[in-house]
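Step one of this worksheet: look at the structure below.
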Amino acid sequence: TGGVETMEHNLYQRKTCRYCDTPLGSAFLDLGLQPLANNLPRKDDAGKPEFRCPLSLVKCPACALVQLTHSVPANLMFDEYLYVSSTTRTFRTHFAEYAEDVKSRIGSKKNALAVDIGSNDGLLVSCYEKCGLKGVGVEPAKNLSADANQRGIVTLNRYFDLETVREITARFGKAQVVSANNVFAHIDDIQSVIRNVRELIADDGFFVIEFAYLVTMLEKMYFDMVYHEHVCYIGETALHRFAERFGMELFDIKAVDTHGGSLRVFMQKKGGPRTREKVVGDYLAAESEKGCLGDGIYHDFSKRVLAFRSKLNDMLSDIKRSGKTVCGYGAPAKATTIINFCGLTPATIDYIVDDNPLKQGRLVPGSGIPIVPSSHLHASPAHYVLIFAWNFAPEIIKKIEFLKEKGVRFIIPLPEPLIV
């Protein structure tokens with residue numbers, strides 16, 4: 001890296017823990033200098049320099065929060081956003097069930113206010129409305145909030161700050177529930193968020209967050225969940241300590257299967273009306289038993305990640321040597337992590353198909369690999385399809401079953417590269 005770039009990286013380095021302000025030590029996993037996972041260059045930008053920042057993980061010695069060593073300014077990642085939650089049936093079903101779960105905990109209150117932070121295209125807000133709640137979304141991406149508002153889903157195009165809280169309270173009153181799904185782990189200044197949530201919820205209200213679970217990531221080797229948007233990799237121990245610090249308490253936890261294994265955690269103001277479920281204590285005990293408070297488990301994870309890179313690269317080299325071709329399926333953010341960590345290029349992967357029209361005609365960041373519509377699989381099928389969107393592998397394999405008759409094989413990368 002040139003001098004300027006190095007200086008720039010130092011600007012973004014975190015010196016203290018995002019949850020408890022303790023000074024941070026050295027990283028246990030280094031995935032190298034990586035581009036922004038969801039900033040997909042257009043074809044005409046091929047070859048132009050892309051913003052890159054170190055991507056490494058460090059564990060807080062005090063509260064055990066696993067987090068990125070560097071923070072990228074939010075506006076570089078979220079002002080224009082290409083991930084849309086309504087794309088898959090899996091998520092449409094998931095959020096319908098989620099809204100029902102929330103509604104059942106609110107009970108019979110009429111027109112209770114449900115605010116969703118980072119509401120994306122308004123999928124969950126619309127599910128709240130269907131359940132009889134008053135739904136309001138808060139979404140910083142201009143393209144997504146404009147789209148949601150056009151479809152009649154009330155969405156404020158802004159970051160969730162104190163001003164936003166004041167605007168919501170003035171217009172709609174206090175919230176019975178505030179939700180943040182796969183967003184809570186994305187926010188660098190998370191302390192102000194929990195303060196603002198406390199301000200927004202009614203005294204008998206609650207806060208619900210969903211995030212990919214740290215322990216699942218460690219056990220199943222899902223290192224591709226690591227990218228610059230995900231600043232924190234949350235275990236319940238760190239979250240429990242964080243909530244307590246800001247006058248909140250966890251009262252229930254539900255395991256859900258999105259993103260390969262997530263937790264839905266419910267918290268309320270300290271001394272709130274809901275009793276703490278046994279499951280909260282069970283998770284705390286399990287994390288301690290598994291060694292999540294020590295360091296060994298993290299160094300072991302790092303070794304396995306390095307071994308994965310060798311295995312995948314060897315597998316792809318063997319395939320290419322035998323004169324066969326490989327394409328990819330799905331260009332989620334996690335594909336960017338694997339591709340850049342393993343140094344994959346268009347010489348290894350011919351193209352990647354993705355069903356999201358916003359991504360088609362663009363390139364995977366840092367690699368120059370083109371993203372194309374799935375019609376490419378009919379027109380020029382490769383001999384192997386590497387499924388980057390592995391969390392939807394069953395849904396994808398079913399969809400492209402017709403390729404099996406042509407002798408096409410599928411590769412599922414994690415937890416171990418596997419040809420099926």
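Atom NZ of Lys270 sits in a crowded spot, with more than 12 heavy atoms from other residues, nucleotides or ligands closer than 6.0 Å. Within a 6.0 Å radius of CD in Glu244, other residues, nucleotides and ligands contribute more than 12 heavy atoms. In the displayed structure, Glu199 atom CD is contacted under 6.0 Å by at most 12 heavy atoms of other residues, nucleotides or ligands.
The shortest non-hydrogen separation linking Cys60 to Leu24 is CA-CD2, 3.9 Å. In terms of heavy-atom proximity, Ala112 sits nearest to Ile106 at CB-CG2, 3.9 Å. Closest approach of Asp354 and Asn356 over heavy atoms only: OD1-N, 2.8 Å. The two residues Arg18 and Val231 come nearest to each other via the heavy atoms NE-CB, 3.8 Å. When all heavy atoms are compared, the tightest approach of Glu249 to Gly272 is OE2-N, 3.5 Å. Counting all heavy atoms, side chain and backbone alike, Thr337 lies closest to Val226 at OG1-O, 2.8 Å.
Inter-residue side-chain proximity for His228 and Cys53 is flagged as met; some heavy-atom pair is nearer than 4.5 Å. Within the 4.5 Å cutoff, the side chain of Lys290 has heavy atoms near those of the Glu219 side chain. Side-chain atoms of Leu57 and Leu31, non-hydrogen and from C-beta on, never get closer than 4.5 Å to each other. Residues Phe206 and Arg105 meet the side-chain proximity criterion, which asks for heavy atoms closer than 4.5 Å. Proximity of Phe410 to Ile400: side-chain heavy atoms (C-beta onward) are separated by under 4.5 Å at one or more points. Here the side chains of Asp257 and Ser262 are not in contact, with every heavy-atom distance at 4.5 Å or above. At least one side-chain heavy atom of Ile397 sits less than 4.5 Å from a side-chain heavy atom of Lys404. Side-chain atoms of Leu344 and Leu316, non-hydrogen and from C-beta on, do get closer than 4.5 Å to each other.
No close placement of the Phe207 and Phe251 rings is indicated, their centers lying 6.0 Å or farther apart.
Between Arg171 atom CZ and Leu156 atom CG the span is 6.0 Å, to the nearest 0.5 Å. Atom CD1 of Ile209 is separated from atom CG of Asn182 by 10.0 Å, given to the nearest 0.5 angstrom. Atom-to-atom distance recorded for Glu129:CD and Leu124:CG is 11.0 Å, nearest 0.5 angstrom. Leu386 contributes atom CG, which lies 5.0 Å from atom CD1 of Ile349 (distance to the nearest 0.5 angstrom). Here the CG atom belonging to Leu250 is positioned 11.0 Å from the CZ atom belonging to Phe266, to the nearest 0.5 angstrom. In this structure, the separation between CZ on Arg304 and CG on Leu29 is 11.5 Å, given to the nearest 0.5 Å.
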Give the intermediate values and the outcome of side-chain hydrogen bond (donor to acceptor under 3.5 Å, both in side chains) for residues Tyr222 and Asn391.
CA-CA 10 Å; Tyr222 294 160; Asn391 47 325; over 6 Å; no
In sequence, state the C-alpha distance, the side-chain angles, and the governing distance for Arg198 and Lys269, and then conclude on side chain to side chain contact (heavy atoms under 4.5 Å, CB included).
CA-CA 7 Å; Arg198 230 182 155 279; Lys269 292 179 183 177; 4.2 Å; yes
Could you go through the side chain to side chain contact (heavy atoms under 4.5 Å, CB included) check for Phe308 and Leu414 one step at a time?
CA-CA 9 Å; Phe308 164 85; Leu414 290 169; 3.6 Å; yes
Candidate pair Glu416 and Lys311, rule salt bridge (charged side-chain N to carboxylate O under 4.0 Å, His left out), full reasoning:
CA-CA 8 Å; Glu416 293 279 322; Lys311 282 179 200 155; 2.8 Å; yes
Going through the checks in order, is the salt bridge (charged side-chain N to carboxylate O under 4.0 Å, His left out) test met by Lys109 and Asp204?
CA-CA 12 Å; Lys109 277 199 172 73; Asp204 62 346; 3.0 Å; yes
Is there a ring pair (Phe, Tyr, Trp, His ring centres under 6.0 Å) between Phe211 and His230 once you walk through the steps?
CA-CA 10 Å; Phe211 52 87; His230 286 172; over 10 Å; no
Could you walk me through whether Tyr283 and Tyr213 pass the ring pair (Phe, Tyr, Trp, His ring centres under 6.0 Å) check?
CA-CA 11 Å; Tyr283 269 97; Tyr213 185 33; 5.8 Å; yes
Any chance you could lay out the side chain to side chain contact (heavy atoms under 4.5 Å, CB included) test for Phe246 and Tyr19, step after step, and finish with the verdict?
CA-CA 10 Å; Phe246 289 95; Tyr19 276 13; over 6 Å; no
Under the side chain to side chain contact (heavy atoms under 4.5 Å, CB included) rule, what do Asp203 and Lys174 come out as? Steps first, then yes or no, please.
CA-CA 9 Å; Asp203 288 343; Lys174 292 274 188 187; over 6 Å; no
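A donor-acceptor contact shorter than 3.5 Å links the side chain of Asn196 to the backbone of Ser192. With hydrogens and angles disregarded, a donor-acceptor distance shorter than 3.5 Å links the side chain of Asn313 to the backbone of Cys342. Judged by distance alone, with hydrogens and angles left aside, the side-chain atoms of Arg264 form no donor-acceptor pair with the main-chain N or O of Val256 at under 3.5 Å. Judged by distance alone, the side chain of Arg52 and the main-chain N or O of Gln34 form no donor-acceptor pair under 3.5 Å. The backbone N or O of Ala141 lies less than 3.5 Å from a partner atom in the side chain of Glu139, making a donor-acceptor pair. A donor-acceptor pair is defined here as one N or O able to donate and one able to accept, closer than 3.5 Å; no such pair exists between the side chain of Lys278 and the backbone of Asp282.
Residues passing the side-chain contact (heavy atoms from CB on, under 4.5 Å) test with Glu289 are Ala285, sequence neighbours excluded.
Asp188 and Arg14 are joined by a salt bridge, as a carboxylate oxygen and a charged side-chain nitrogen come within less than 4.0 angstrom of each other. A salt bridge between Arg42 and Asp45 is absent, with no side-chain N of the basic residue lying under 4.0 Å from a carboxylate O of the acidic one. A salt bridge links Lys254 with Glu97: the closest approach of a Lys/Arg side-chain nitrogen to an acidic carboxylate oxygen falls below 4.0 angstrom.
Side-chain contact annotation: Thr69 with Ser56, donor-acceptor N/O pair under 3.5 Å present. With 3.5 Å as the limit, one finds a donor-acceptor pair spanning the side chains of Arg158 and Thr164. Inspection of the Glu50 and Asn39 side chains reveals no N or O donor paired with an N or O acceptor under 3.5 Å. Counting only N and O atoms by type, the side chains of Tyr329 and Asp355 include a donor and acceptor under 3.5 Å apart. If you check the side chains of His240 and Glu287, you find no donor sitting under 3.5 Å from an acceptor. Side-chain N/O atoms of Asp21 and Gln191 include a donor and acceptor closer than 3.5 Å. With no hydrogens or angles considered, a side-chain donor-acceptor pair links Glu229 and Asn38 at under 3.5 Å.
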Taking distance alone, no hydrogens or angles, what donor-acceptor pairs closer than 3.5 Å link side-chain atoms of residues 293-303 to residues at least two apart or in another chain?
residue	atom	partner	partner atom	Å
Asp295	OD1	Lys59	NZ	3.0
Tyr298	OH	Cys292	O	2.7
Ser302	OG	Phe28	O	3.0

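The ring pair (Phe, Tyr, Trp, His ring centres under 6.0 Å) contacts involving residues 356-376 comprise Tyr351-His376, where partners must be two or more places apart or lie in separate chains.
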